[in-house]
Amino acid sequence: MNFEEHAAKVLLKAHGLPVPEGRVVESPEAVADAARALGGPCVVKAQAPTGKRGKAGGIRLAGSPDEARAAAADILGMTIGGHRIERLLVEEQVLIAAELYAAVLNDPASRGPVVLFSAMGGMEVEEMAAADPEAMRRIEVDIAAGLTARQTAAALAGLDLNGQTGAIADLLAGLYASYRALDAELLEINPLALTEDGRIVCLDCKFTLDDASAGRQAVAAQTGSPDPMTALEAEAHTAGLKYIELDGSVGVLANGAGLTMATMDAIEHFGGRPANFLEIGGEAYTKAETALTILLGNPNIRALLVNFCGAFARTDVMAEGVVRAWQKLDPGIPVFFTIHGTGEDEAVALVESELGHRPYDLMDDAVRAAVGAAIGGVAREAAS
Ligand code: GDP
Ligand code: MN
């Protein structure tokens, strides 16, 4: 789950990190009031769970409440990164001496947290890497030991930081502690500003919460911006079904998260792309019609692949639900079955007698056939 800047900054502040004073408002008049209350030059910032607002014109400096009101009128209603801007953060304007970069994130390569720091911040990470790949300092953290002062000192060695090296080391320690306390996947400060009056301030913040922690971070999660669901995803959610929309042409109905993921990997392996997937278990018997209606509701679906592997759940019971629903809905697209495990013989016989084609013995063959039907040709042979 992502957070808008203002929500992330509330969390940073609660964990003792320095953020500018500010207020979230929704109208140009309220922006002018907020600017007046701050009592000096301010910044008017578009709020959306996305970066690159500066380049899109969503960040404006204002010297007076009137200028702030005018900036707000320009920014409200803009669309940035697919989000319509309906809220603004009005903050005290900071006099920037230098823009730095700091982040803590989950690093798949080292299988642990990594702290990143650069003395050249304020631009996109990609631009930073292109400008000077050596500039980004990287600290791999042993999650049991935590971030050590020695590691941080070594990472900052040799950088010209306006005599603020010690304060920046403290800030990185605080950022790492916040990342841990908040169950963050990513906590990124860009820019981290050194101010002309010698302070260090987190001017922007990107925070991604590990969704698995939404329960124990319940208070924080309330202020996050959940990814918007598609209409079909919302329908599935209401029906208690796990459904995700993708952009290919092969629909997937499978039981269990692992089998569903493996089925989608196999589709890609044979040159196809999943249109969507719906993960179903024993409830296939009772909810197959809803499940199929949702899967087939995606206009890009050209073929459906049904992959069941039964252990405790009986595949013949699941298959019966799907076969009955298929007969009732009678969709005009081909369906390909592959069924293994408990109840397999009965399931195979049922599909064959009711739908007139035998499920594939091998999952690969079913996937290849579904991909071929969906892309209107023959599926690519698997690369050996
Ligand atoms: P982003 O473009 O979405 O990443 O938005 P940021 O919050 O990072 O702001 C973009 C840029 O606006 C920063 O890199 C700064 O250069 C500038 N900016 C933001 N706040 C202030 C401020 O208080 N004072 C000054 N002078 N510039 C600011
Ligand atoms: Mn930024």
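- Side-chain contact of Asp66 with Ser64: a donor-acceptor pair under 3.5 Å is absent, judged by distance alone.
- When all heavy atoms are compared, the tightest approach of Cys309 to Thr315 is C-CG2, 4.1 Å.
- Under a cut-off of 6.0 angstrom, the local environment of OH in Tyr285 is sparse, with at most 12 non-hydrogen atoms contributed by other residues, nucleotides or ligands.
- With sequence neighbours excluded, no residue forms a side-chain hydrogen bond (donor to acceptor under 3.5 Å, both in side chains) with Asp210.
- By the ring-ring contact (aromatic ring centres under 6.0 Å, His included) test, Phe117 pairs with no residue at all, sequence neighbours left out.
- Summarising the geometry of Trp326 relative to Ile333, their closest heavy-atom pair is CZ2-O, 3.3 Å, with the distance given to 0.1 Å.
- Applying the side-chain hydrogen bond (donor to acceptor under 3.5 Å, both in side chains) criterion to Glu29, with sequence neighbours excluded, gives Arg69.
- For Leu292 against Val322, the heavy-atom pair with the smallest separation is CD1-O, 3.9 Å.
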Run the side-chain donor-acceptor check on residues 259-266: report pairs under 3.5 Å with partners two or more places apart or on a different chain.
unit_1	atom_1	unit_2	atom_2	d
Thr260	OG1	Gly256	O	2.6
Thr263	OG1	Leu259	O	2.6
Thr263	OG1	Asn307	ND2	3.1

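- Partners of Phe277 under the ring-ring contact (aromatic ring centres under 6.0 Å, His included) rule, at least two apart in sequence or in another chain, do not exist in this structure.
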Report, one line per pair, each donor and acceptor closer than 3.5 Å where one atom sits in a side chain of residues 159-174; sequence neighbours left out.
unit_1	atom_1	unit_2	atom_2	d
Asp160	OD1	Asn162	N	3.4
Gln164	NE2	Gly198	O	3.1

Residues 127-138, side-chain donor-acceptor partners within the protein, below 3.5 Å, at least two apart:
unit_1	atom_1	unit_2	atom_2	d
Glu127	OE2	Lys55	NZ	2.4
Asp132	OD1	Glu134	N	3.1
Arg137	NH1	Ala155	O	2.9
Arg137	NH1	Ala157	O	2.9
Arg138	NH2	Asp107	OD2	2.9
Arg138	NH2	Glu140	OE2	3.1

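- Taking each heavy atom of Glu99 and Ile96 in turn, the nearest pair found is CG-CG2, 3.6 Å.
- Within the structure, ring pair (Phe, Tyr, Trp, His ring centres under 6.0 Å) contacts touching residues 195-216 (residues at least two apart or in different chains) are Phe3-Phe207.
- For the pair Met1 and Gly224, the tightest heavy-atom approach, listed with the atom from each and the gap, is SD-CA, 3.7 Å.
- Of the charged side-chain nitrogens involved, none lies within less than 4.0 Å of a carboxylate oxygen, so that Arg23 and Glu91 do not count as a salt-bridged pair.
- A donor-acceptor pair shorter than 3.5 Å can be found between the side chains of Tyr243 and Glu245.
- For Asn298, the side-chain hydrogen bond (donor to acceptor under 3.5 Å, both in side chains) test picks out no residue, with sequence neighbours left out.
- Looking only at side-chain heavy atoms (C-beta outward), Glu185 and Leu209 stay at 4.5 Å or farther from each other.
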Show the numbers, then the answer: is there a salt bridge (Lys or Arg N to Asp or Glu O under 4.0 Å) between Lys206 and Glu5?
CA-CA 6 Å; Lys206 183 165 165 46; Glu5 176 193 9; over 6 Å; no
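- Taking a cutoff of 4.0 Å between a charged side-chain nitrogen and a carboxylate oxygen, Glu346 and Arg314 qualify as a salt bridge.
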Run the side-chain donor-acceptor check on residues 73-85: report pairs under 3.5 Å with partners two or more places apart or on a different chain.
unit_1	atom_1	unit_2	atom_2	d
Asp74	OD2	Arg60	NH1	3.0
Asp74	OD2	Arg60	NH2	3.2

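- For Tyr176, the ring-ring contact (aromatic ring centres under 6.0 Å, His included) criterion is met by Tyr179, not counting sequence neighbours.
- The number of heavy-atom neighbours closer than 6.0 Å to NE2 of His237, taken from other residues, nucleotides and ligands shown, is 12 or below.
- Inter-residue side-chain proximity for Leu175 and Leu187 is flagged as met; some heavy-atom pair is nearer than 4.5 Å.
- Considering all non-hydrogen atoms of both residues, Ala370 and Ala303 come closest at O-CB, 3.7 Å.
- Under the 3.5 Å distance criterion, with hydrogens and angles disregarded, a donor-acceptor pair is assigned to the side chains of Gln217 and Asp183.
- Under the side-chain hydrogen bond (donor to acceptor under 3.5 Å, both in side chains) criterion, Glu124 pairs with no residue at all, not counting sequence neighbours.
- For Thr208 and Asn2, the side-chain atoms include at least one donor-acceptor pair closer than 3.5 Å.
- With respect to the salt-bridge test (charged N to carboxylate O, under 4.0 angstrom), the residues Glu289 and Arg324 do not qualify.
- Under the 4.5 Å side-chain heavy-atom criterion for ILVMFWY residues, a single connected hydrophobic cluster contains both Leu246 and Ile267.
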Apply the test side-chain contact (heavy atoms from CB on, under 4.5 Å) to residues Leu192 and Cys202: give CA-CA distance (whole Å), side-chain angles for both, the deciding distance (0.1 Å), then the verdict.
CA-CA 5 Å; Leu192 176 68; Cys202 301; 4.1 Å; yes
